[in-house]
Amino acid sequence: MPERTNMADATPIRPIPAGEVTEWTYESDVVVAGYGVAGASAAVAAATAGAEVLVLERAGGWGGAASMSGGFIYLGGGTPLQKACGFEDTADNMKAFMKAALGPGVDESKIDAYCEGSVDHYHWLTEECGVPFKMSFWGEPGWEPPGDDGLQYTGGENAAPFNATIPPAPRGHVPQMSDKRTGEQGGGYMLMKPLTDKAAELGVGAEYDMRVQALIVDTGGRVVGVQAKQYGKDVAVRARKGVVLATGSFAYNDDMLEAYAPRLIGRPAASIEEHDGRAIRMAQALGADLAHMDATEVAFFCDPQLFIRGILVNGRGQRYINEDTYPGRIGQATLIENQNQSFLVIDEQAYEEGMSRPTSSPQLRHQPKRVAESVAELEAEMGLPAGALQATVDVYNRHAANGEDPLFGKKTEWVKPIGSPVAAIDLRGMTGGFTLGGLRTSVDSEVLHVSGEPIPGLFAAGRCTSGVSAGGYASGASLGDGSFFGRRAGISAARS
Ligand SMILES: Cc1cc2nc3c(=O)[nH]c(=O)nc-3n(C[C@H](O)[C@H](O)[C@H](O)COP(=O)(O)OP(=O)(O)OC[C@H]3O[C@@H](n4cnc5c(N)ncnc54)[C@H](O)[C@@H]3O)c2cc1C
């Protein structure tokens with residue numbers, strides 16, 4: 001596991017008065033901190049709006065977590081890809097789903113703007129930036145499409161409880177790429193490559209190995225630049241119009257995790273060690289407000305092709321969720337509501353069937369360690385009280401015989417009585433994730449002071465902000481709100 005960043009190691013975080021700056025090493029209209037998805041989108045939008053733009057990136061190149069990501073971008077409301085695959089969607093249905101699934105406590109104005117602007121955002125990505133999507137749908141269970149299909153359900157829209165009241169549509173749009181390798185080279189690369197090519201074409205400058213450390217403010221409280229460390233030297237960078245913070249989450253800052261999202265301690269995932277929360281601290285030091293710091297995305301490390309065909313039980317042998325929902329909902333329910341305790345109970349036939357299906361995540365296909373002829377034997381082997389798992393399976397099987405799951409509403413196509421031999425796959429502790437909370441921003445990506453007023457000259461987007469997810473999550477929400485509100489940050493900064 002990579003080493004974590006501790007705030008104590010960093011240089012002082014307090015805002016630096018502009019009057020103390022003796023030399024501006026770099027200067028631009030808009031200065032963007034972080035060259036991941038939010039930073040690249042901000043840079044393209046600001047440059048398109050006519051601003052001179054300089055991006056400062058801590059790593060040796062652009063990309064961030066976004067380049068390593070699966071690439072899902074949450075888009076809907078009737079995008080050309082949805083239409084080409086035969087799905088109807090509206091901005092209102094998308095809003096209803098996002099407000100129901102990504103809460104509690106969502107910023108409704110952000111979701112409204114996001115959904116109303118989603119089709120336009122698709123066109124911006126494809127036509128202005130050249131992001132490619134294959135016009136095909138992947139309908140099998142899975143974290144990602146195993147091939148290069150462009151569209152998938154990524155939020156549980158077509159599963160209980162949402163499908164009962166909100167017309168479902170798949171909204172996970174994944175850029176086309178062959179030879180994908182999860183966590184190394186995914187669809188996210190095919191989002192970032194066109195975005196950064198576009199930025200270069202527009203004349204956006206970039207400085208690498210440049211770690212932004214503090215904000216520089218004038219006497220009126222306006223942010224006029226940043227202090228950064230480049231090759232071990234402190235440099236001051238002047239922003240004539242505005243600074244955009246886009247440095248990612250705080251998943252790798254143990255102090256902040258302990259304070260805000262302690263369940264993620266020791267289990268950061270789908271993030272990178274550069275996500276140290278520094279930008280959040282820098283803006284806090286200027287009076288910035290925060291939102292939903294306890295919200296976390298939680299991945300569940302098992303192949304959906306397997307668990308959808310069995311039942312998931314907690315440490316007491318009780319079912320706790322419909323297994324056909326978005327795997328990230330299962331991750332959250334496991335970690336947050338069930339003490340990170342989960343077992344997959346599955347019979348041999350269902351296991352073999354799942355193993356024979358295509359998957360994007362063969363590494364998440366676990367072998368059962370406990371196999372028995374009866375559920376009574378299995379629960380004894382698992383160390384559960386006599387009758388606990390039997391009661392669960394009895395109830396499940398009684399209704400499954402009619403293709404029903406009255407407890408959790410799993411869809412009929414996935415409901416089958418559990419037979420024999422039967423196995424338990426130990427999934428205790430098999431979760432990890434990243435933080436979703438951060439700076440409170442306006443719909444125009446202005447960083448808001450605790451007074452509610454925007455902090456002049458300061459903008460932010462991506463996972464250093466609280467975006468569309470306040471608690472729940474859907475795959476694609478991070479690249480989605482990072483690119484959408486990143487664009488808005490760039491435009492706002494350019495006009496500032
Ligand atoms: C394996 C994997 C799969 C994922 N799959 C998906 C998916 O399918 N869909 C989805 O929506 N999300 C996915 N995510 C999450 C998603 O990639 C991130 O949440 C998203 O990239 C956040 O955007 P961002 O711009 O805030 O951060 P990033 O894209 O990480 O960009 C932040 C950049 O800031 C830089 N930086 C950090 N600190 C500083 C500093 N002090 N100074 C200068 N630069 C700094 C970083 O080096 C980085 O380049 C996945 C992540 C991983 C790793």
Side-chain angles (χ1 to χ4, degrees), residues 5 10-11 13 31-43 55-75 143-145 152 154-155 171-175 180-189 191-192 195-196 206-214 226-230 237 243-253 268-282 297 299 328 360-361 432-436 438-439 460-465 467-469 473-486 489:
T5 308
T11 51
I13 205 141
V31 172
V32 180
Y35 216 170
V37 68
S41 305
V55 188
L56 313 177
E57 166 57 49
R58 171 178 164 175
W62 54 260
S67 267
M68 296 162 62
S69 76
F72 281 120
I73 311 158
Y74 200 81
L75 298 167
W143 274 104
E144 291 169 17
Q152 186 184 324
T154 58
R171 303 194 181 98
H173 289 55
V174 56
K180 291 191 294 189
R181 293 184 297 278
T182 301
E184 288 174 45
Q185 182 165 293
Y189 178 82
L191 169 64
M192 288 305 298
L195 281 181
T196 50
E207 286 294 326
Y208 297 106
D209 295 303
M210 179 78 113
R211 190 165 170 174
V212 173
Q213 305 269 38
V226 296
Q227 193 213 44
K229 238 187 210 343
Q230 192 176 31
V237 183
V243 168
V244 177
L245 300 174
T247 56
S249 78
F250 61 96
Y252 275 91
N253 183 314
S271 53
I272 51 176
E273 60 191 284
E274 286 82 0
H275 284 199
D276 68 358
R278 178 83 185 185
I280 298 174
R281 289 302 205 208
M282 280 160 43
E297 180 270 357
S360 62
S361 43
F434 58 88
T435 55
L436 298 169
L439 298 169
R463 282 293 60 85
C464 66
T465 67
V468 292
S469 293
Y473 192 70
S475 281
S478 287
L479 298 177
D481 73 11
S483 54
F484 187 86
F485 291 106

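None of these values were measured; they are calculated from a predicted model. Hydrogens, waters and symmetry mates play no part in the numbers below; they use all other heavy atoms, side chains included. Each ligand, and each atom within it, is numbered from 1 in the order the structure gives.
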**OP:** May I ask you to identify, for A270, whether its side chain, its backbone, both or neither come under 4.0 Å of ligand 1 on a heavy-atom basis?
**Re:** both
Original post:
Where the side chain of E144 meets the backbone of S360, is there a donor-acceptor pair that is under 3.5 Å apart?
Top reply: no
Original post:
Strictly under 4.0 Å, does any heavy atom of E297 approach an atom of ligand 1?
Top reply: no
Subject >> side chain to side chain contact (heavy atoms under 4.5 Å, CB included) between W62 and L195, intermediate numbers included >> reply: CA-CA 10 Å; W62 54 260; L195 281 181; over 6 Å; no
Original post:
So is there a nitrogen or oxygen of E57 less than 3.5 Å from a nitrogen or oxygen in ligand 1?
Top reply: yes
Original post:
What heavy-atom pair brings S249 and S271 nearest, and what distance separates the two atoms?
Top reply: OG-CB, 4.4 Å
**OP:** Please work out whether any backbone atom (N, CA, C, O) or any side-chain heavy atom from C-beta onward of A279 is under 4.0 Å from ligand 1, and answer side chain, backbone, both or neither.
**Re:** neither
Original post:
Short list, please: which atoms of ligand 1 are under 4.0 Å from a heavy atom of G70?
Top reply: 3 (C), 4 (C), 5 (N), 6 (C), 8 (O)
Original post:
Near A38, which atoms of ligand 1 are under 4.0 Å from a heavy atom of that residue?
Top reply: 25 (O)
Original post:
Do any N/O atoms on R463 end up under 3.5 angstrom from N/O atoms on ligand 1?
Top reply: yes
Subject >> Per-residue contact class, L56 against ligand 1 - non-hydrogen pairs under 4.0 Å >> reply: backbone
Original post:
Which atoms of ligand 1 have any heavy atom of R211 under 4.0 Å away?
Top reply: 41 (N), 42 (N)
Original post:
Where the side chain of S67 meets the backbone of M192, is there a donor-acceptor pair that is under 3.5 Å apart?
Top reply: no
Original post:
Out of S69, P268, A42, whose heavy atom sits nearest atom 17 (O) of ligand 1?
Top reply: S69
Original post:
Numbering the atoms of ligand 1 from 1, which are under 4.0 Å from a heavy atom of G64?
Top reply: 30 (O), 48 (C), 49 (O)
Subject >> Region of H275 that comes within reach of ligand 1 [heavy atoms, distance under 4.0 Å] >> reply: side chain
Original post:
If you measure every N/O of I272 against every N/O of ligand 1, is any gap under 3.5 Å?
Top reply: no
Original post:
Are any of the side-chain heavy atoms of I73 and P175 separated by less than 4.5 Å?
Top reply: yes
Subject >> For the student: nearest non-hydrogen atoms of V212 and A33, plus distance >> reply: CG2-CB, 3.8 Å
Subject >> Contact summary for A299 and W143, nearest pair of heavy atoms >> reply: CA-CH2, 3.8 Å
**OP:** Taking only heavy atoms of M210 into account, list the atoms of ligand 1 that are under 4.0 Å away from them.
**Re:** 42 (N), 43 (C)
Subject >> Intermediate values then yes/no, side chain to side chain contact (heavy atoms under 4.5 Å, CB included), Q152 and F72 >> reply: CA-CA 9 Å; Q152 186 184 324; F72 281 120; 3.5 Å; yes
Subject >> Ligand-residue contact atoms, ligand 1 with A477, heavy atoms, under 4.0 Å >> reply: 11 (O)
**OP:** I would like to know whether R278 and N253 meet side chain to side chain contact (heavy atoms under 4.5 Å, CB included); could you show each step before the answer?
**Re:** CA-CA 9 Å; R278 178 83 185 185; N253 183 314; over 6 Å; no
**OP:** State if G476 counts as touching ligand 1 under the rule of any non-hydrogen atom under 4.0 Å.
**Re:** yes
Subject >> Contact (N/O only, under 3.5 Å) between F434 and ligand 1 >> reply: no
Subject >> Polar atom proximity, A66 to ligand 1 (N or O, under 3.5 Å) >> reply: yes
Subject >> Numbering as shown, the atoms of ligand 1 that approach A246 to under 4.0 Å (heavy-atom distance) >> reply: 32 (C), 33 (C), 34 (O)
Original post:
Can you find a pair of side-chain heavy atoms, one from T247 and one from M282, that are under 4.5 Å apart?
Top reply: no
Subject >> Subset of ligand 1 atoms that lie under 4.0 Å from at least one heavy atom of A65 >> reply: 17 (O), 21 (O), 28 (P), 29 (O), 30 (O)
Original post:
Of all heavy-atom pairs between V37 and S478, which one has the smallest distance, and what is that distance?
Top reply: CG1-O, 4.4 Å
Subject >> Option of least heavy-atom distance to atom 7 (C) of ligand 1 (set: W62, Y473, F72) >> reply: F72
**OP:** Select one of side chain, backbone, both or neither to describe which atoms of S249 lie under 4.0 Å from any atom of ligand 1, heavy atoms only.
**Re:** neither
**OP:** State which residues pass side chain to side chain contact (heavy atoms under 4.5 Å, CB included) with S469; sequence neighbours excluded, sorted by chain then number.
**Re:** L102, L436, Y473, A477
Original post:
Does even one non-hydrogen atom of Y252 get within less than 4.0 Å of ligand 1?
Top reply: no
**OP:** Say whether G71, considering both its backbone and side-chain N or O atoms, lies within less than 3.5 Å of an N or O atom on ligand 1.
**Re:** yes
Original post:
Is the shortest distance from a heavy atom of G482 to ligand 1 less than 4.0 Å?
Top reply: no
Subject >> Side chain, backbone, both or neither: F485 near ligand 1, heavy atoms under 4.0 Å >> reply: neither
Subject >> Counterpart residues, side chain to side chain contact (heavy atoms under 4.5 Å, CB included), relative to T465 (two or more places apart) >> reply: L439, T441, A460, R463
Original post:
ligand 1 and S271, any nitrogen or oxygen pair closer than 3.5 angstrom?
Top reply: no
Subject >> Non-hydrogen side-chain atoms of V237 and Q230 separated by less than 4.5 Å >> reply: no
